[in-house]
Amino acid sequence: MGRYQIISSLNNTTMELSKKDKAVALLNSFNTGDQTPISYINPNEYVQHNLSVADGLQGFGEVMQHAPPQGFKANVVRAFEDGDYVFTHTEYDFFGPKAGFDVFRFEDGQIVEHWDNLLEVQKPNPSGRTQFDGATEITDLDKTEANKTIAREFIEKVLLNHEMDKVATYINPTNYVQHNPAVADGLEGFGAAMKYFAENGLVMEYTKLHKVLGQGNFVLTLSEGKFGKGELTAFYDLFRLEDGQIVEHWDVIAPIPPKAEWKNENGKF
């Protein structure tokens, strides 16, 4: 598991950073205390969708002011860029060890909107995999849109419309690596999890797909639905694809707090 490294030119220190570099630098500032990346946030137009954080740059500052003495830590494991969006997969120490996905939207080189989903770090799953390990290399840049379509159709047809006969169309039946903390590898692990939920009166119900973002062989989907005993939930799913099928999956599944607890009015999505 390697930290995403910002690659800069030693011969051209004024080179404009990419959107991806700016987002990663902002997260890495948790480790360094560097104030420069704060300038990558538009101070007048910053819409916050983390419902535990107040809107705007002021809300971001308030979180930083309440950091514990040792501060926050962020190890960016994966980072991707899709048009005006950057999405990252990060190992946090943020009021305790957490796995997180962040999505940043840029306008004119500055961050103007942010979404995220966080979950406490869990022990390795039945296949011994963690929430962070696995492939990191971005390939197949020419297949970005095709892979986004496959991931979208998987969510829409299998998880939204319950067309379970199509699972093997989208998930490789012989090579499927699973990083969900409770689910084993392969279609067998997926099926066993679905059976467990059904037998115990639990739900994993996707009700709406909000965003599909991708770069090459990686696609992130943002969905809402119900989980467990019916809690309103945000599902962030990261897929890695090969040859038109999903071969690896990471996720963060987290409850959406009641509206009375929201610190901004922007909604989770």
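Among Thr221, Val158, Leu160, the one residue that satisfies the side chain to side chain contact (heavy atoms under 4.5 Å, CB included) test with Tyr206 is Leu160. Checking Leu241, Ile246, Thr149 one by one against Val219, the side chain to side chain contact (heavy atoms under 4.5 Å, CB included) holds for a single residue, Leu241. When the options Asp133, Asn125, Thr130, Asp185 are evaluated for a side-chain hydrogen bond (donor to acceptor under 3.5 Å, both in side chains) with His179, the one that passes is Asp133. In summary, of the residues considered (Lys20, Glu81, Lys148, Arg78), a side-chain hydrogen bond (donor to acceptor under 3.5 Å, both in side chains) with Gln215 occurs for Lys20 alone.
Hydrophobic cluster membership is shared by Val167 and Leu209, with clusters built from Ile, Leu, Val, Met, Phe, Trp and Tyr side chains linked at under 4.5 angstrom. There is a path of hydrophobic side-chain contacts, each under 4.5 Å, that joins Ile41 to Val86. Hydrophobic clustering keeps Leu232 apart from Phe197 (ILVMFWY residues linked when any side-chain heavy atoms are closer than 4.5 Å, directly or through intermediates).
In this structure, a donor-acceptor pair under 3.5 Å is absent between the side chains of Tyr236 and Asp102. Under 3.5 Å, the side chains of Asn217 and Asn147 contain no donor-acceptor pair of N or O atoms. Side chains of Asp237 and His249: a donor on one and an acceptor on the other come within 3.5 Å. At a cut-off of 3.5 Å, with distance as the only test, a side-chain donor of Asn117 or Lys268 sits close to an acceptor on the other residue. Using modelled atom types and a 3.5 Å distance limit, the side chains of Asp34 and Ser29 yield no donor-acceptor pair. Counting only N and O atoms by type, the side chains of Tyr176 and Glu248 include no donor and acceptor under 3.5 Å apart.
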For this session: Test salt bridge (Lys or Arg N to Asp or Glu O under 4.0 Å) on Glu261 and Lys259 and set out the steps.
Result: CA-CA 5 Å; Glu261 298 177 9; Lys259 193 166 185 179; over 6 Å; no
Exercise. Under the ring pair (Phe, Tyr, Trp, His ring centres under 6.0 Å) criterion, do Phe239 and Phe154 qualify, and how do the steps go?
Worked result: CA-CA 11 Å; Phe239 303 102; Phe154 171 69; 5.8 Å; yes
Problem set entry | Residues Glu231, Lys229; criterion salt bridge (Lys or Arg N to Asp or Glu O under 4.0 Å); working and verdict | CA-CA 6 Å; Glu231 284 184 299; Lys229 296 184 178 180; over 6 Å; no
For this session: Could you walk me through whether Glu153 and Tyr170 pass the side-chain hydrogen bond (donor to acceptor under 3.5 Å, both in side chains) test, one step at a time?
Result: CA-CA 8 Å; Glu153 288 184 357; Tyr170 298 104; 3.1 Å; yes
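Between Ile138 and Leu141, the closest heavy-atom pair is CG2-CD2, 3.8 Å. The shortest heavy-atom contact between Gln131 and Trp250 is O-CD1, 3.4 Å. The two residues Leu187 and Ala168 make their nearest non-hydrogen contact at CD1-CB, 4.2 Å. Listed here is the closest heavy atom pair of Lys19 and Phe106: O-CZ, 3.4 Å.
Without hydrogens or angle criteria, Glu45 side chain to Pro43 main chain gives no donor-acceptor distance under 3.5 Å. Checking side-chain atoms of Asn31 against main-chain N and O of Ala74 turns up a donor-acceptor pair under 3.5 Å. The backbone N or O of Val53 sits less than 3.5 Å from a side-chain atom of Asn264, completing a donor-acceptor pair. The main-chain N or O of Leu202 is never found under 3.5 Å from a side-chain atom of Asn200 such that the two would form a donor-acceptor pair. Gln178 places a side-chain N or O within donor-acceptor distance of the main-chain N or O of Asn180, the cut-off being under 3.5 Å. Under a 3.5 Å cut-off, the side chain of Glu224 and the backbone N or O of Thr233 do not form any donor-acceptor pair. At least one donor-acceptor pair closer than 3.5 Å links the side chain of Lys22 to the backbone N or O of Gly109.
When side chains are defined from C-beta on, Val76 does not count as touching Glu91, because their heavy atoms never get closer than 4.5 Å. Taking 4.5 Å as the limit, every side-chain heavy atom of Tyr92 sits out of range of all side-chain heavy atoms of Pro97.
Counted within 6.0 Å of CD on Gln58, heavy atoms from surrounding residues, nucleotides or ligands total 12 or fewer; the atom is thus considered open. Heavy-atom contacts from other residues, nucleotides or ligands closer than 6.0 Å to CG of Asp142 number more than 12. Shown here is Lys211, whose NZ atom has more than 12 heavy atoms of other residues, nucleotides or ligands within 6.0 Å.
With sequence neighbours left out, Glu156 forms a salt bridge (charged side-chain N to carboxylate O under 4.0 Å, His left out) with Arg152.
Atom-to-atom distance recorded for Asp93:CG and Phe72:CZ is 9.0 Å, nearest 0.5 angstrom. A distance of 9.0 Å separates NZ of Lys98 from CG of Leu119, quoted to the nearest 0.5 Å.
The aromatic rings of His49 and Trp115 lie parallel to each other, their planes meeting at an angle below 30°, with 60° marking the opposite boundary.
The cationic group of Lys73 does not satisfy the cation-pi geometry with Phe30, failing either the under 6.0 Å distance to the six-membered ring centre or the 45° limit from the ring axis.
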